[in-house]
**Q** 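Quick one: the structure is below, and I'll ask about it shortly.
For the numbers below, each heavy atom of this structure counts, side chains included, while hydrogens, waters and symmetry mates do not. For reference, positions follow the sequence shown, starting with 1.
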Amino acid sequence: MKVIGKQRNSRMCMVCGLDNPIGLKAPFYNMEDGSVMTVFRYSAEHQSFPERVHGGLVATMLDELGLRALWVKSSEDTFGVTMTMEVKYRKPVPYDQELVGRGVVERETGKFFTIRTGLYDGEGMLLAEALVKYIKLDADRIVKDIDPHEEMCYLVEDGVQEIAFTR
């Protein structure tokens with residue numbers, strides 16, 4: 001699937017923070033079909049049990065994909081807070097393997113949005129999915145005295161033009 005743009009990474013976010021020593025440092029891409037996608041790897045530090053990622057960290061990625069899916073349709077100036085998230089774990093999520101994450105906006109109103117997100121293995125097998133509901137909030141209502149653009153400061157072009165995705 002064709003990449004039409006790249007989103008910014010932050011300093012310390014567990015999912016996308018480039019300065020976080022134990023973070024995933026995941027890149028996020030705006031896709032031609034209106035979805036957001038990432039290609040990333042968990043590492044052994046993210047396990048709950050040998051050969052599988054902790055379910056909370058799987059849910060963390062599914063949640064991150066949600067807001068980023070909204071950014072494909074709006075801008076990185078739109079913020080929100082998770083209200084509810086229903087996660088379904090289909091298969092164990094492995095670490096040290098390339099995975100693909102995808103998020104798609106299912107519904108948006110002036111105040112709320114709902115996103116469907118999923119994590120897939122290299123063969124396109126769905127490993128985990130979530131339906132995430134958010135409330136839109138201005139950044140200053142989420143955190144005081146922090147400019148979100150100071151935190152979301154890295155735009156590292158990497159030349160990725162397409163992401164292989166089958167399901």
Side-chain angles (χ1 to χ4, degrees), residues 1-47 53-83 85 87 93-105 108 113 115-122 127-130 132 134-165:
M1 190 178 313
K2 184 178 176 185
V3 171
I4 60 170
K6 186 153 189 240
Q7 295 183 3
R8 294 181 184 279
N9 284 66
S10 79
R11 295 179 193 278
M12 289 302 293
C13 173
M14 179 58 151
V15 176
C16 75
L18 297 182
D19 297 338
N20 187 329
I22 62 166
L24 298 174
K25 299 172 179 48
F28 291 88
Y29 303 94
N30 300 338
M31 305 305 291
E32 66 182 332
D33 70 347
S35 68
V36 68
M37 294 182 80
T38 183
V39 178
F40 72 102
R41 290 174 185 262
Y42 290 103
S43 63
E45 292 83 6
H46 303 125
Q47 72 177 297
V53 174
H54 189 284
L57 291 173
V58 171
T60 300
M61 175 57 85
L62 293 169
D63 187 26
E64 181 80 9
L65 283 159
L67 182 62
R68 288 178 173 277
L70 185 65
W71 287 352
V72 175
K73 300 206 173 278
S74 57
S75 76
E76 292 179 5
D77 292 325
T78 305
F79 291 93
V81 174
T82 307
M83 294 173 46
M85 183 166 72
V87 178
V93 176
Y95 53 83
D96 290 333
Q97 291 184 27
E98 190 170 271
L99 302 170
V100 174
R102 183 170 184 260
V104 179
V105 175
E108 181 182 4
F113 56 101
I115 313 290
R116 181 157 310 276
T117 61
L119 290 184
Y120 302 83
D121 68 12
L127 304 175
E129 63 183 323
V132 193
Y134 302 82
I135 184 170
K136 291 181 189 176
L137 291 175
D138 291 332
D140 64 348
R141 290 196 55 207
I142 298 170
V143 63
K144 299 285 184 208
D145 302 323
I146 294 178
D147 178 357
H149 300 290
E150 296 252 336
E151 177 60 21
M152 297 292 298
C153 62
Y154 296 120
L155 183 57
V156 181
E157 294 298 340
D158 55 16
V160 173
Q161 296 179 0
E162 195 162 326
I163 296 175
F165 180 70

**Q** Minimum heavy-atom separation for Asn20 to Met12, with atom names?
**A** ND2-O, 3.0 Å
**Q** Between Thr60 and Gly56, is there a donor-acceptor pair closer than 3.5 Å when you use the side chain of the first and the backbone of the second?
**A** yes
**Q** Return yes if some donor-acceptor pair links the side-chain N/O of Ser35 with the main-chain N/O of Met31 below 3.5 Å, else return no.
**A** no
**Q** If you take all heavy atoms of Gly66 and Tyr134, which pair is closest and at what distance?
**A** CA-OH, 3.0 Å
**Q** For Val100 and Phe165, which heavy atoms make the closest approach, and how far apart are they?
**A** CG1-CD1, 3.9 Å
**Q** Are the side chains of Phe113 and Leu67 in touch, meaning some heavy atoms are under 4.5 Å apart?
**A** yes
**Q** Got a second to check how far Leu62's CG is from Thr82's OG1, nearest 0.5 Å?
**A** 11.0 Å
**Q** What closest approach, in Å, do Tyr29 and Val3 show between heavy atoms, and which atom pair accounts for it?
**A** CD2-CG1, 3.8 Å
**Q** Do Gln47 and Val53 have side chains that approach each other closer than 4.5 Å (heavy atoms only, starting at C-beta)?
**A** no
**Q** Would you indicate whether the side-chain heavy atoms of Val58 and Tyr42 approach each other to under 4.5 Å?
**A** yes
**Q** Ignoring hydrogens, what is the shortest heavy-atom contact between Leu24 and Val15? Give both atom names and the distance.
**A** CB-O, 3.4 Å
**Q** Working to the nearest 0.5 angstrom, can you tell me the gap between Lys2 NZ and Glu162 CD?
**A** 9.0 Å
**Q** Using ring pair (Phe, Tyr, Trp, His ring centres under 6.0 Å) as the criterion, list what pairs up with Tyr95, not counting sequence neighbours.
**A** none
**Q** Could you tell me whether Asp158 and Lys6 have a side-chain N and a carboxylate O separated by less than 4.0 Å?
**A** yes
**Q** Rounded to the nearest 0.5 Å, what's the gap from OG1 on Thr117 to CE on Met61? Could you check?
**A** 10.0 Å
**Q** Is it the case that the side chain of His46 and the backbone of Ile22 share a donor-acceptor pair, with hydrogens and angles ignored and the cut-off at 3.5 Å?
**A** yes
**Q** Are Lys136 and Glu108 side-chain neighbours, meaning at least one heavy-atom pair lies under 4.5 Å?
**A** yes
**Q** Can you find a heavy atom in the side chain of Leu155 that is under 4.5 Å from one in the side chain of Glu157?
**A** yes
**Q** Parallel under 30°, tilted from 30 to 60°, perpendicular over 60°: which one fits the rings of Trp71 and Phe79?
**A** perpendicular
**Q** If I compare all heavy atoms of Ile115 with all of Leu65, which pair ends up nearest, and what's the gap?
**A** CG2-O, 4.5 Å
**Q** Whether the side chain of Gln97 engages the backbone of Pro94 through a donor-acceptor N/O pair (distance < 3.5 Å, no angle test) should be reported.
**A** no
**Q** Taking Asn9 for the side chain and Ala26 for the main chain, is one N or O donor matched with an acceptor at less than 3.5 Å?
**A** yes
**Q** Are Tyr154 and Ser10 packed together at the side-chain level, in the sense that at least one heavy-atom pair is separated by less than 4.5 angstrom?
**A** no
**Q** Could you tell me if the side chain of Met1 sits less than 4.5 Å from the side chain of Met37, heavy atoms only?
**A** yes
**Q** Under a 3.5 Å threshold, yes or no: a donor from one side chain and an acceptor from the other, between Gln7 and Asn30?
**A** yes
**Q** Side chains of Cys153 and Arg11, heavy atoms from C-beta outward: is any pair under 4.5 Å?
**A** yes
**Q** For the pair Lys25 and Asp19, find out whether any cationic side-chain nitrogen is under 4.0 Å from an anionic carboxylate oxygen.
**A** no
